[in-house]
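In what follows, chains are A, B, ... by sequence order, proteins preceding strands, each numbered from 1. Below, each value reflects all heavy atoms present in this structure, side chains not excepted, and no hydrogens, waters or symmetry copies.
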Amino acid sequence: MPEGNIIHRLARVHHRWLAGRQFTADSPQGRFSQDARRLSGRTLLAVEAHGKHLFHHFEGGVHLHLHLGLFGNIRHFRAGAPPPSAACRLRLASPHATLYLSGPQSCELLSPEAERTLRARLGEDPLRPEASPARAFEALRRSRAPLATVLLDQERISGVGNILRAEALFLAHLPPQLPASELRPEDFERLWAALRLLLEDAARDGRIVTPHAPPTALTLPGKRREDRFTVYDREGQPCPRCATPIVRLALSGRGLFFCPSCQAPRGKKR
DNA sequence: TGCAGATGATGAG
DNA sequence: TCATCCTCTGCAG
């Protein structure tokens with residue numbers, strides 16, 4: 001379930017709970033056993049997120065890099081952790097907290113140099129304080145591909161996933177098919193503001209709920225997942241702005257949801 | 001109980 | 001563009 005908001009939330013929670021503590025590490029699944037031994041006994045100094053990448057900095061210049069990919073999951077327990085599943089790639093345990101990591105796309109130890117190289121490739125992360133909207137704008141405009149495709153390119157803007165791109169494009173009134181090179185400054189300002197709003201709220205609340213989602217989405221814990229969104233996963237349901245049925249398109253093999261009326265290409269608004 | 005699909009990324013062709 | 005990797009969940013039968 002990880003987009004940038006989830007990763008930033010994990011970084012904040014882990015930093016608050018776990019920094020300054022010493023951990024033992026092992027790999028119940030066995031695929032990380034050798035590196036886990038290198039981690040074991042070290043004190044965690046800091047945790048930070050960049051886009052969808054999570055970095056745990058341990059003493060001695062040992063940096064744990066995690067990318068959860070599509071299936072990865074991290075569970076944390078303050079006490080009474082249940083036995084890990086057989087798929088648990090990494091268990092980090094201290095007397096105060098235990099983490100279970102399963103299904104990550106990347107779980108590796110990096111030198112500080114390797115981490116710098118990796119992060120140099122990543123685009124602007126709207127949740128990071130040093131993020132430059134101007135650089136993000138230029139990065140997007142360098143591509144002639146559809147905006148919806150370019151938004152998922154982590155080397156241009158990092159942290160945006162399939163839900164956030166759909167919801168942000170909707171909030172910004174932008175057609176997903178618009179060539180990114182034709183993005184105007186005023187379009188980008190709305191898009192950047194929408195991304196920051198969605199990411200900040202979701203990083204704080206632990207889940208994405210868009211401003212146009214039904215009010216019950218914020219109050220009913222058992223609410224269906226798609227009711228938290230305005231367009232994502234709502235094919236055929238009425239757009240909250242104009243009541244036109246939401247459309248789903250397959251773009252590069254992934255579902256793209258949008259309103260064909262209020263996100264119509266320029267000059268084709270219905 | 002088994003299968004399809006999912007909020008991701010990469011490499012081959 | 002497609003296949004592949006990794007894990008979990010929801011749903012059909």
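A straight line from CG of A:Leu70 to P of C:dT9 spans 13 Å, rounded to a whole angstrom. One atom, CD of A:Gln105, and another, P of C:dC5, lie 13 Å apart when rounded to the nearest Å. Between A:Leu164 atom CG and B:dA6 atom P there is a gap of 17 Å when expressed in whole angstrom units. Rounding to whole angstrom units, CG of residue A:Leu122 and P of B:dA9 are separated by 10 Å. We find that CD of A:Glu3 is positioned 9 Å from P of B:dT7, with the value rounded to whole Å. What separates CZ of A:Phe257 from P of B:dT7 is a distance of 7 Å, to the nearest Å. One interatomic measurement links the two molecules: CG of A:Leu152 to P of B:dT7, which rounds to 10 Å at whole-angstrom precision. Atom CG in A:Leu90 sits roughly 16 Å away from atom C1' in C:dT7 (whole-Å rounding).
Distances shorter than 4.0 Å separate some side-chain N or O of A:Lys52 from OP1 or OP2 on B:dA9. A:Ser102 has a side-chain polar atom (N or O) that falls below the 4.0 Å cut-off from OP1 or OP2 of C:dC8. Residue A:Gln29 places at least one side-chain N or O closer than 4.0 Å to OP1 or OP2 of C:dT7.
Among the atoms of the strands shown, none is found under 4.0 Å from any heavy atom of A:Arg165. Across all strands shown, A:Glu155 has no heavy atoms under 4.0 Å from either base or sugar-phosphate atoms. Within the 4.0 angstrom heavy-atom criterion, only backbone atoms of the sugar-phosphate kind lie near A:Arg121; the bases stay farther away.
A 6.0 Å sphere centred on CD of A:Glu113 holds more than 12 heavy atoms belonging to other residues, nucleotides or ligands.
A salt bridge does not link A:Glu59 to A:Arg42: none of the charged side-chain nitrogens sits closer than 4.0 Å to a carboxylate oxygen.
Distances were taken from every side-chain heavy atom of A:Ile163 (C-beta onward) to each of B:dA9, B:dT7, B:dA6; the shortest belongs to B:dT7. The side chain of A:Tyr232 lies closest to B:dT7 when the candidates are C:dT7, B:dA9, B:dT7.
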**Prompt:** For A:Glu182 and A:Arg141, what are the C-alpha separation, side-chain angles and deciding distance, and is it a salt bridge (charged side-chain N to carboxylate O under 4.0 Å, His left out)?
**Reply:** CA-CA 7 Å; A:Glu182 294 178 17; A:Arg141 293 243 301 178; over 6 Å; no
**Item:** Test log, rule salt bridge (charged side-chain N to carboxylate O under 4.0 Å, His left out), inputs A:Glu115 and A:Arg119
**Value:** CA-CA 6 Å; A:Glu115 182 186 324; A:Arg119 291 175 65 163; 2.8 Å; yes
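Checking B:dG5 for Watson-Crick or G-U wobble geometry (two distances, each under 3.5 Å) identifies C:dC8 as its partner.
The separation of C:dC8 from B:dT10, taken at their P atoms, amounts to 22 Å, rounded to a whole angstrom.
In summary, the side chains of A:His8 and A:Asp125 do present a donor paired with an acceptor at a separation below 3.5 Å, with no hydrogens or angles considered.
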